[in-house]
Structure formats: C-alpha cells, structure tokens
Protein chains: 2
Amino acid sequence: MIKFELMTNYSSDTEGKILEAAKKVFIEKGLEGTRMQEIANEAKINKALLHYYYRTKEKLFNAVFQFAITRFIPHIEGIFNSDKNFFEILEAIIEQYITLISKNPFIPIFVLHEINRHPDRLADIIKSAGIQPKILIEKIEKEVEKGTIRPVSALNLIVNIISLCVFPFAARPLIQRLLFDNDKHAYTTFIQSRKTEVTSFIINAIKI
Amino acid sequence: MIKFELMTNYSSDTEGKILEAAKKVFIEKGLEGTRMQEIANEAKINKALLHYYYRTKEKLFNAVFQFAITRFIPHIEGIFNSDKNFFEILEAIIEQYITLISKNPFIPIFVLHEINRHPDRLADIIKSAGIQPKILIEKIEKEVEKGTIRPVSALNLIVNIISLCVFPFAARPLIQRLLFDNDKHAYTTFIQSRKTEVTSFIINAIKI
DNA sequence: ATTTAGTTTAACCAAACGGTTAAAATTAAA
DNA sequence: TTTAATTTTAACCGTTTGGTTAAACTAAAT
C-alpha cells in the first residue's frame, strides 16, 4: 500500500504476508484461476484485509506480475561489461538464465499465459524491465562479420537461446512424465545438466 | 453428444457449431477464463442448448482439450518408416512440427497452461495420443554409436528439438513485440523461416 | 486518560456464474 | 392429421465471486 514515508506503521508485516501468499497462488493458478479467499487463507488473514491493503484483485495481481517479470528476464549487462569472449558470454548468459528460472520454475508458464491473455500488459513490462535486445543483436552481427561464428540470423539465435533455456520449465509436467517416468529428481537433475548441455549445443551449432 | 447410431438426428449441425465455438473460446482463454455464455454467443445459440449437448462445462472442455492434443503432438511414424537418413528425418520432423503448430498457433500455450493446472490430465493424453519417445531415443543412440553424430544425450536432443519448434509460438506476443516491433507479418515470416533455420541449427550442433 | 490514526473483523451485497426446468417449437414417422 | 421424439427457448435457481461497510480493536501521541 502506498504510504508517506513518515507515516506510522504499527502493523506486523501483514502487507508482506499478503504479497507472499498472492505470489504463491497467482503464479500457480493464474489471474482467473485464483480466488481472493484462497489468498486470504494462505496469508491466514481475513478476506476484507486483502482489500484494505490492495484495493482490488487486479491491483494485487499487478504487484505479483511485476515481481514475476523480474524473475523472468535476466540482467546480462554485467556479463557484457566483462572481458569475456563471445562464447564465454554465451555460457554465462545461459547459466545465469537457467539458474534464475530454476529458483522460480513456475514463472515462465505464468508469465507467458498472462501475456497471452492480455498482451497490453507488455507495455508496462518493457518500461520496467528495460529490455535491450539491440545490444545482443549487434554483438552477434559483429561476431558474424569477424568470422568468429557461422553467418546465423541474430534474431533466430536469440530466440533459440531463450527457447532452449525456458521451454523445459514451461513443459515440466510433460517432460517429467514422458521422459522421466514422473521422477521429480531425475527431471531436476536433467535441468541442471542443461546449463552445460545447452551451452555446448549452441556453441557447436554456431562455431566455424 | 453420445447417441445410438440409428437414432434420428434432425438438427442442423448445432453440436458442431458448439464445438467450434468452444474451441475458439477455450483455446484463447483457458478453462477458467471462459464463460459458457460467451461460447453460446459465439455459436449464436441459447446457453441452455450448450448444456443440452454437453452436459457440463468440464465435458465440453474435455472435448476441446482432446482435440488440442491432436494438434500439439506430431505423428512421426511415417517419417521413420521411410528410407531417409537421420538428418533427413530430423528435417522432416522439424518441418512437420512447425507446420502443424502454425495452423493452430495458440495451442501450445493453451495445452501447457492446462497441463500445468491439472497434470492429471496427462493420463488421458498419453493413452489417446500414444506417444513413443523410445523410438526416437533409440534412433539417436544408434546414430551416436555409429558415429554419425556427436555423443549428445538423446533426452537433451529431443527436448532441444521440441523447445526450438514450440517455444516461439508460446512466446509469440513477447517475440513479436520485442524483436519485430509488433509487426505481425514480420513475425509470421520469421516463424516460417525457422523451418530451415532450426533444422540447420540442430544439424550443425550435432554433426561431426 | 483521552484522542487520534491505523488495523482487523464479521456480516453483508450485488453481480456473475454454471446449471436446471418446463414449456414451446420443430421434425419425421405412423 | 395425429403422435412421438428431438431440439430450442425463456425464465429461473442456488452458489460463488469480488468487493463493501460499519463496528471493534490496537497502539502511539497528547
């Protein structure tokens, strides 16, 4: 809830408890699959208290969605501002990406579904997340010119990287059941192995 | 609606109209985002008529979901039973896959979201779709033994193929907006180009 | 001790929802 | 033309849903 900074606040961390409960339920069930009562139960508070802190379901959802975006888009500026060569940059991006999603494995399907339902939400995302595909595009094109890598289309390569990192999370139940006989541990081990597997797969695909 | 085969049927194709309307709405909005009234409007019939043909929302949804599965999983038996070599098989699978999803581009996010909500639905899927990953796994492992391709993990390769084919559809609004300035035509052209791009990407990644 | 502001609750509300019912309309057969 | 079966409709119903209200409670400031 928006407050003046000097305003007294003698509640326990109810607002935080609500947001945590909302994250859990919304990310699992989506906007339309979520009941305000369930969030209240999860936070162990009265339902009216939800509306006291976040006036509407939509406002509470927006808070969760904005959080989800930060766990969906990796920040790769730091990687670019290092003395890594292109292959090392790729390796770092992929490892960071899979690590990020591993910490919140239900985020991809949640974000993709909600964007699909209301593509207009993208406007906020682009502002708040400050995504810059240009940097990566130009880097790839420069490497192609230099002859370090095959003449691949930059956009295709970017989409390939994201696909290989994100899709296995969005398709978790399918993959776990069909390829790992519903063995949860086998699936998570597989995901972790992909940090190196995906990296070498991509590098083999583009190196001369 | 289930009927005895000899039973007279003097309606126009109301049942078909309902199913088509249900496909459109359910696949766009998901089970929980769909209102029975909206399906009735789409089919230009009375809402009670929905319940006359498909007794409950869930039964109607199941009909749509089962259809969606057939448009999500490609049938690759024919490709295997040809005299193609491994790379030609890969090429055929990828082209068939992207072509299949192109015809129903909203199916992936719909299916993935609904499976995520209710993983138990997978039981029906596996039965009705008769998926056989073993065939592909054994084929890949045999090629590795023969030395035709690098020693890649079969499961990783399979997940990579599916990821590269399916993810760009699930992430359409993101990709179209971020990489193609919301140009619909540029996006669809890009998708079509991937039939060959993904094929050569994968072949480069695994060939010796 | 009283006032003031912020917090929490129980009870309530109107709208929307999936689903039902009984009657009317249509169709094909007798 | 009557009959029987199927199809379609309008009106209705109980429940669930997001949201409100007014009162009770708590804690700090005067």
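Below, chain A is the first sequence line, B the second, and so on; all start at residue 1. Since this is a predicted model, take the numbers as computed values, not measurements. Heavy-atom basis, side chains included; hydrogens, waters and symmetry copies ignored.
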Report task. Could you tell me how the ring of A:H113 sits relative to the ring of B:H113: parallel (under 30°), tilted (30 to 60°) or perpendicular (over 60°)? Result -> parallel
**Report entry** Ion pair A:R117/A:E32, N-O distance below 4.0 Å
**Finding:** yes
Report summary line: note: A:Y52, atom OH; C:dT7, atom P; distance rounded to Å ~ 4 Å
Requested in this report: To the nearest Å, give me how far apart CG (B:D13) and P (D:dT7) are.
Outcome: 12 Å
Query raised in the report: Expressed in angstrom and rounded to an integer, what is the separation of B:K44 atom NZ from D:dT8 atom C1'?
Result: 17 Å
Query raised in the report: Should A:T14 be listed as having a side-chain N or O under 4.0 Å from OP1 or OP2 of C:dT7?
Result: no
Query raised in the report: Would you say A:I140 and A:I149 make side-chain contact, with heavy atoms under 4.5 Å?
Result: yes
Query - Distance, rounded to the nearest Å, where A:E32 contributes CD and C:dA16 contributes C1' - result: 14 Å
Requested in this report: Write down the distance between CD1 (B:I18) and C1' (D:dT8), rounded to a whole number of angstrom.
Outcome: 11 Å
Requested in this report: Indicate the ring-plane relationship of A:F65 and A:F61, choosing parallel, tilted or perpendicular according to the 30° and 60° boundaries.
Outcome: parallel
Requested in this report: Taking the six-membered ring of A:F86 (Phe, Tyr or Trp), confirm whether the NZ or CZ of A:K139 is under 6.0 Å from its centre and within 45° of its axis.
Outcome: no
Report task. Determine, for nucleotides 15-20 of chain D in 5'-to-3' order, which nucleotides have protein heavy atoms under 4.0 Å from the base (write B), from only the sugar-phosphate (write S), or from neither (write -). Result -> --SBBB
Query raised in the report: Can you check the A:Y54 OH to C:dT7 P distance for me, whole Å?
Result: 13 Å
Query raised in the report: With a 4.0 Å cut-off, would you call B:K17 and B:E20 a salt bridge?
Result: no
Query raised in the report: Nearest-Å distance, OH (A:Y53) to C1' (C:dG6)?
Result: 8 Å
Query - Whole-Å gap separating C1' (C:dG18) and CG (B:L60) - result: 12 Å
